[in-house]
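Per chain, numbering begins at 1; letters A, B, ... match sequence-line order. Please read these numbers as outputs of a predicted model, since none were measured by experiment.
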Number of protein chains: 2
Amino acid sequence: MLSLDFLNNEYEDTKSPSKKAEEYIAIDILTGNLRPGQRIVEQDLCEKFSMSRTPVREILSRLAAGGLIELVPNRGAFVVGITERDVDDIFYMKTLLYPQCVKWAIERITEEEYSMLEETFSFMEFYTATEDMEKMQKINRGFEAIIYNACHNAEMEAALLKYDFIIRYANLDIKYPLNYLPTVLEEHRAIFDAFRARKPEQGAEAAQIHAFRSMMRRK
Amino acid sequence: MLSLDFLNNEYEDTKSPSKKAEEYIAIDILTGNLRPGQRIVEQDLCEKFSMSRTPVREILSRLAAGGLIELVPNRGAFVVGITERDVDDIFYMKTLLYPQCVKWAIERITEEEYSMLEETFSFMEFYTATEDMEKMQKINRGFEAIIYNACHNAEMEAALLKYDFIIRYANLDIKYPLNYLPTVLEEHRAIFDAFRARKPEQGAEAAQIHAFRSMMRRK
DNA sequence: TACACATAGATTGTATACAATTTTAACATT
DNA sequence: AATGTTAAAATTGTATACAATCTATGTGTA
């Protein structure tokens with residue numbers, strides 16, 4: 001899967017009902033809609049998402065593998081909560097991993113991937129002026145997703161995608177400063193410049209700065 | 001779950017049949033027994049592990065969530081391979097995360113956890129002389145597992161456990177140097193000393209050294 | 001009242017049945 | 001021989017049925 005589909009508004013619709021339900025539950029957990037320790041009854045999910053227990057149990061298996069719920073034998077699924085400190089920690093883990101991801105990505109990126117990154121960055125430049133926060137967040141996520149993929153390491157990619165997902169939904173009440181979009185654009189420009197110059201160390205440095213500042217903007 | 005059960009030889013038997021089958025398949029993938037791209041047919045697993053398709057599909061859901069297989073809609077499960085470079089990368093990711101894990105663990109460890117770590121370390125000292133590689137590896141894993149848990153961050157713990165699992169099974173043909181066990185003991189001692197002295201930075205430093213040398217020992 | 005126990009109901013674990021889709025293999029056509 | 005078509009078989013996706021286990025409620029006893 002290598003495309004700019006994430007820019008499309010109907011992108012979400014391409015996901016399977018099962019995947020959508022899984023994401024829905026995950027978001028409910030991260031936003032606190034489902035409380036830590038709360039029991040999730042399979043039958044309730046069957047009714048909520050209009051499916052039988054078989055796919056529901058597969059969803060619960062995946063969520064448990066991801067750590068958002070705990071599956072206790074013969075007793076069912078229980079919500080595993082996420083604390084503010086957990087989110088802090090995850091921001092910090094991103095500052096550790098993301099620079100190395102960018103370094104590898106600059107070393108390993110294909111021509112095709114680079115073209116996508118270039119095109120996405122030009123979209124970012126163009127739309128930053130619009131101050132459409134939602135659209136820009138989507139493009140920013142797309143920009144980083146291309147980099148995560150371009151590092152060509154599945155563990156790194158999965159880890160960073162997961163951290164972003166947690167940060168995105170467990171961090172909803174954050175107040176962005178007025179100059180947020182142009183600031184992030186400049187941080188991303190520094191990263192993209194390193195890709196353009198093919199300088200891995202420079203990219204790691206720029207990534208470190210971006211991740212660290214993102215963590216700080218939360219405060 | 002807070003105990004020294006991992007030292008028990010029958011520890012593996014406490015796992016559910018479903019969990020054992022999942023681990024069995026995961027090991028088959030990491031050791032190369034199942035080849036990258038190879039299709040996994042549900043019915044075959046049903047026969048192999050003597051269970052019906054429902055639990056088999058739950059196992060496949062979990063493995064897919066962990067990235068070891070890919071689930072293609074209507075076409076089934078396909079093995080995702082792991083390359084030598086992937087293993088190199090994962091060693092490197094461990095050098096990034098483990099020092100921070102130790103730092104957090106020293107800051108956050110409970111009295112009970114510390115007692116377990118202390119007891120485990122004394123076992124390590126005692127058994128290193130026996131040159132029983134298998135037993136020592138198990139104790140070493142237990143020592144690190146306690147630290148992973150004591151950092152009190154589920155993402156960090158899950159990440160490091162996963163890396164260790166991959167390293168353990170995708171790295172089977174490694175040749176250990178003669179003084180491997182005493183060398184590792186001393187590296188672990190440096191980490192444990194930092195716990196004893198409650199010095200997070202010193203622990204991070206010792207952890208960094210241990211992770212880096214482990215990576216190098218692979219060469 | 002406090003507690004132990006028994007029982008009914010609810011819930012999870014597993015097997016099986018059926019529907020939808022894909023794969024295969026045979027056959028016909030060029 | 002190579003390609004396209006079609007039907008049968010195999011496989012996956014989903015629903016449902018039954019077994020095993022847990023939970024909740026009510027009853028009896030101290």
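- A sub-4.0 Å separation between OP1 or OP2 of D:dT14 and a side-chain N or O of A:Thr54 is absent.
- Taking the six-membered ring wherever Trp is involved, the centroid distance between the rings of B:Tyr163 and B:Phe91 does not fall below 6.0 Å.
- Salt bridge absent: A:Asp28 and A:Arg35 never bring a charged side-chain N and a carboxylate O closer than 4.0 Å.
- One side chain, A:Thr110 or A:Glu113, offers a donor N or O that lies under 3.5 Å from an acceptor on the other.
- Looking at B:Lys94, B:Lys162, B:Arg85 one by one, the single match for salt bridge (charged side-chain N to carboxylate O under 4.0 Å, His left out) with A:Glu155 turns out to be B:Lys162.
- Separating the CG atom of A:Leu45 from the C1' atom of C:dT12 is a distance of 13 Å, rounded to the nearest angstrom.
- Under the 6.0 Å cut-off for aromatic ring centres, A:Phe121 and A:His188 do not qualify, their centroids lying 6.0 Å or more apart.
- Taking the charged nitrogens against the carboxylate oxygens, B:Arg53 and B:Glu58 have no contact shorter than 4.0 Å, which rules out a salt bridge.
- Closest contact between the side chain of B:Glu42 and the listed nucleotides D:dG13, D:dA15, C:dG13 involves D:dG13.
- At a non-hydrogen distance threshold of 4.0 Å, A:Asn74, A:Arg75 from residues 64-80 of chain A come into contact with DNA chain D.
- For the pair B:Ile40 CD1 and D:dT12 P, the interatomic distance rounds to 10 Å; values are reported in whole Å.
- Residue B:Glu58 is the one, among B:Glu58 and B:Arg39, whose nearest nucleotide of DNA chain C lies closer to the 5' end (criterion: closest heavy atom).
- In this model, the phosphate group of D:dA15 is approached by a side-chain N or O of A:Ser52 to a distance below 4.0 Å at OP1 or OP2.
- Atom CD in B:Gln43 sits roughly 16 Å away from atom C1' in C:dT23 (whole-Å rounding).
- We find that CE of B:Met51 is positioned 16 Å from C1' of C:dT16, with the value rounded to whole Å.
- Here the nucleotide nearest the side chain of A:Arg53, chosen from C:dT14, D:dG13, C:dT11, is C:dT14.
- When the P atom of D:dT16 is taken as reference, atom CZ of B:Arg57 falls 16 Å away, rounded to whole Å.
- Atom P of nucleotide C:dG13 and atom CG of A:Leu60 are separated by 10 Å, given to the nearest angstrom.
- Of the charged side-chain nitrogens involved, at least one lies within less than 4.0 Å of a carboxylate oxygen, so that B:Glu22 and B:Lys19 count as a salt-bridged pair.
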